[in-house]
2 protein chains.
Amino acid sequence: MRNILKEKGFKITPARLAILQAFTKNKLPMSAEDVCKKIKSKKINEVTVYRTLSSLEKGGILKRVDLRKDSVYFELADQHHHHIVCTNCNMIEDFKNLEIEKAIEKVWKNIITKSSKFKSIREHSLELFGLCRMCM
Amino acid sequence: MRNILKEKGFKITPARLAILQAFTKNKLPMSAEDVCKKIKSKKINEVTVYRTLSSLEKGGILKRVDLRKDSVYFELADQHHHHIVCTNCNMIEDFKNLEIEKAIEKVWKNIITKSSKFKSIREHSLELFGLCRMCM
DNA sequence: TTCTGCTTGCAAATGATTTGCATTTAGTAT
DNA sequence: ATACTAAATGCAAATCATTTGCAAGCAGAA
């Protein structure tokens, strides 16, 4: 974890370690508020959490996830995957699927050769929305 | 347009007509702010725009789109499609692809039979992020 | 045309996130 | 180990998007 920070040129601070630790423990996407709760024992200021999330995102350590919530969610950028979100209770499950990745890649290669507007695709997001067993 | 509103049990009001008109003209996703700009000649209050977007979404006429922006975007719900977003200038292009839809459907059918947590998937979003020709 | 409830506008509240500034601290050079 | 500097933090206040309360207005049914 320290190495990850060093590689990206970040100073190693208690706040950053605590926040990264929270993400490695939790795996699922978290908002600034979620992170604050997870690390509340560390007495790290809310503003620091926002700033840290933002800089870790810029550094490519975290990435932003869009889950149709009213606040911004982040997760570790280390491994690409997608989510299923319960639109009622907000439970989140991760999933990976090679076929989908292939299909998406095929599409965007197709798009950048045909589109008059776009020339390069760098990433994509795919989220499924539904109801979990509990909420059905 | 009036019929759409009537079908869903909405009263026909200048604000709703103006907002729906803006969406049918523009095609691309818009935030509340975007909508306000488009219909500024109609002197419709910002709060009304927010309320209208929200109720049209509940009525299934609009749907929310997740574009990693800091405000919420909506578009007409009438036809399912996906987007390519320029992460620099925010230009948006729509696309449809039958293969992708099939692959996604396959995946979520697979998921709901296997997942211990999820039982039904109702919708999905797929967005591509990259750079447009101008921004490259 | 009258009535009733849904809609709207305005002002103010709220919630999430950002900024200014003074203080502290990590990493580096001494 | 010590001193130094830029980056990181905490606190208060500001900002931005969105929501709410309430009184007035308007659409659609009778």
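Across residues 34-52 of chain A, Glu46(A), Val47(A), Tyr50(A), Arg51(A) each have a non-hydrogen atom less than 4.0 Å from an atom of DNA chain C (numbered order). A heavy atom lying under 4.0 Å from DNA chain D marks the following residues of residues 4-13 of chain A, by number: Lys11(A), Thr13(A).
Of the possible donor and acceptor atoms, none in the side chain of Arg2(A) sits under 3.5 Å from a partner among the backbone N and O of Ile12(A). Side-chain atoms of Thr24(A) come within 3.5 Å of backbone N or O of Leu20(A) as a donor-acceptor pair.
Taking the side-chain contact (heavy atoms from CB on, under 4.5 Å) definition, one finds that Lys96(B) meets it with Gln79(B), His81(B), sequence neighbours left out. With sequence neighbours excluded, the residues that form a side chain to side chain donor-acceptor pair (under 3.5 Å) with Asn110(B) are Lys114(B). Tyr73(B) pairs by the ring-ring contact (aromatic ring centres under 6.0 Å, His included) definition with nothing, not counting sequence neighbours. Applying the ring-ring contact (aromatic ring centres under 6.0 Å, His included) rule to His124(B) yields the partners His80(B), His82(B); only residues at least two apart in sequence or on another chain are considered. Residues satisfying the salt bridge (charged side-chain N to carboxylate O under 4.0 Å, His left out) test with Glu7(B), not counting sequence neighbours, are none.
Protein chain B contacts DNA chain D over a range whose 5' and 3' limits, counting nucleotides with an atom under 4.0 angstrom from a non-hydrogen atom, are dA17(D) to dG28(D).
At whole-Å resolution of the value, CG in Leu56(B) and C1' in dC6(C) are 14 Å apart.
Rounded to 10 degrees, the angle separating the terminal helix axes of the helix from dT1(C)-dA30(D) to dT30(C)-dA1(D), each built from five base pairs, is 40°.
Proximity of Leu56(B) to Leu5(B): side-chain heavy atoms (C-beta onward) are separated by under 4.5 Å at one or more points. Val49(A) is not listed as a side-chain neighbour of Asn45(A), based on a closest heavy-atom distance of 4.5 Å or more.
Here Ile84(B) contributes atom CD1 and Asp94(B) contributes atom CG; the two are 8.5 Å apart, rounded to the nearest 0.5 Å.
Among pairs with a residue in residues 5-53 of chain B, none fulfils ring-ring contact (aromatic ring centres under 6.0 Å, His included), at least two apart in sequence or across chains. Every pair passing salt bridge (charged side-chain N to carboxylate O under 4.0 Å, His left out) that includes a residue from residues 59-88 of chain B is listed here, sequence neighbours excluded: Arg64(A)-Asp70(B), Arg68(A)-Asp66(B), Asp70(A)-Arg64(B), Glu123(A)-Arg68(B).
When each of Arg16(B) and Asp70(B) is assigned the nucleotide of DNA chain C with its nearest heavy atom, Arg16(B) is the one assigned upstream, toward the 5' end. Each of Ala32(B) and Ala15(A) was assigned the nucleotide of DNA chain D with the nearest heavy atom; the assignment lying further toward the 5' end belongs to Ala15(A).
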Contacts under 3.5 angstrom, residues 127-136 of chain A side chains, donor-acceptor by atom type, not counting sequence neighbours:
{"from": "Glu127(A)", "atom 1": "OE1", "to": "His83(A)", "atom 2": "N", "distance (Å)": "3.4"}
{"from": "Glu127(A)", "atom 1": "OE1", "to": "His83(A)", "atom 2": "ND1", "distance (Å)": "2.8"}
{"from": "Arg133(A)", "atom 1": "NE", "to": "Ser116(B)", "atom 2": "O", "distance (Å)": "2.9"}
{"from": "Arg133(A)", "atom 1": "NH2", "to": "Ser115(B)", "atom 2": "O", "distance (Å)": "3.2"}

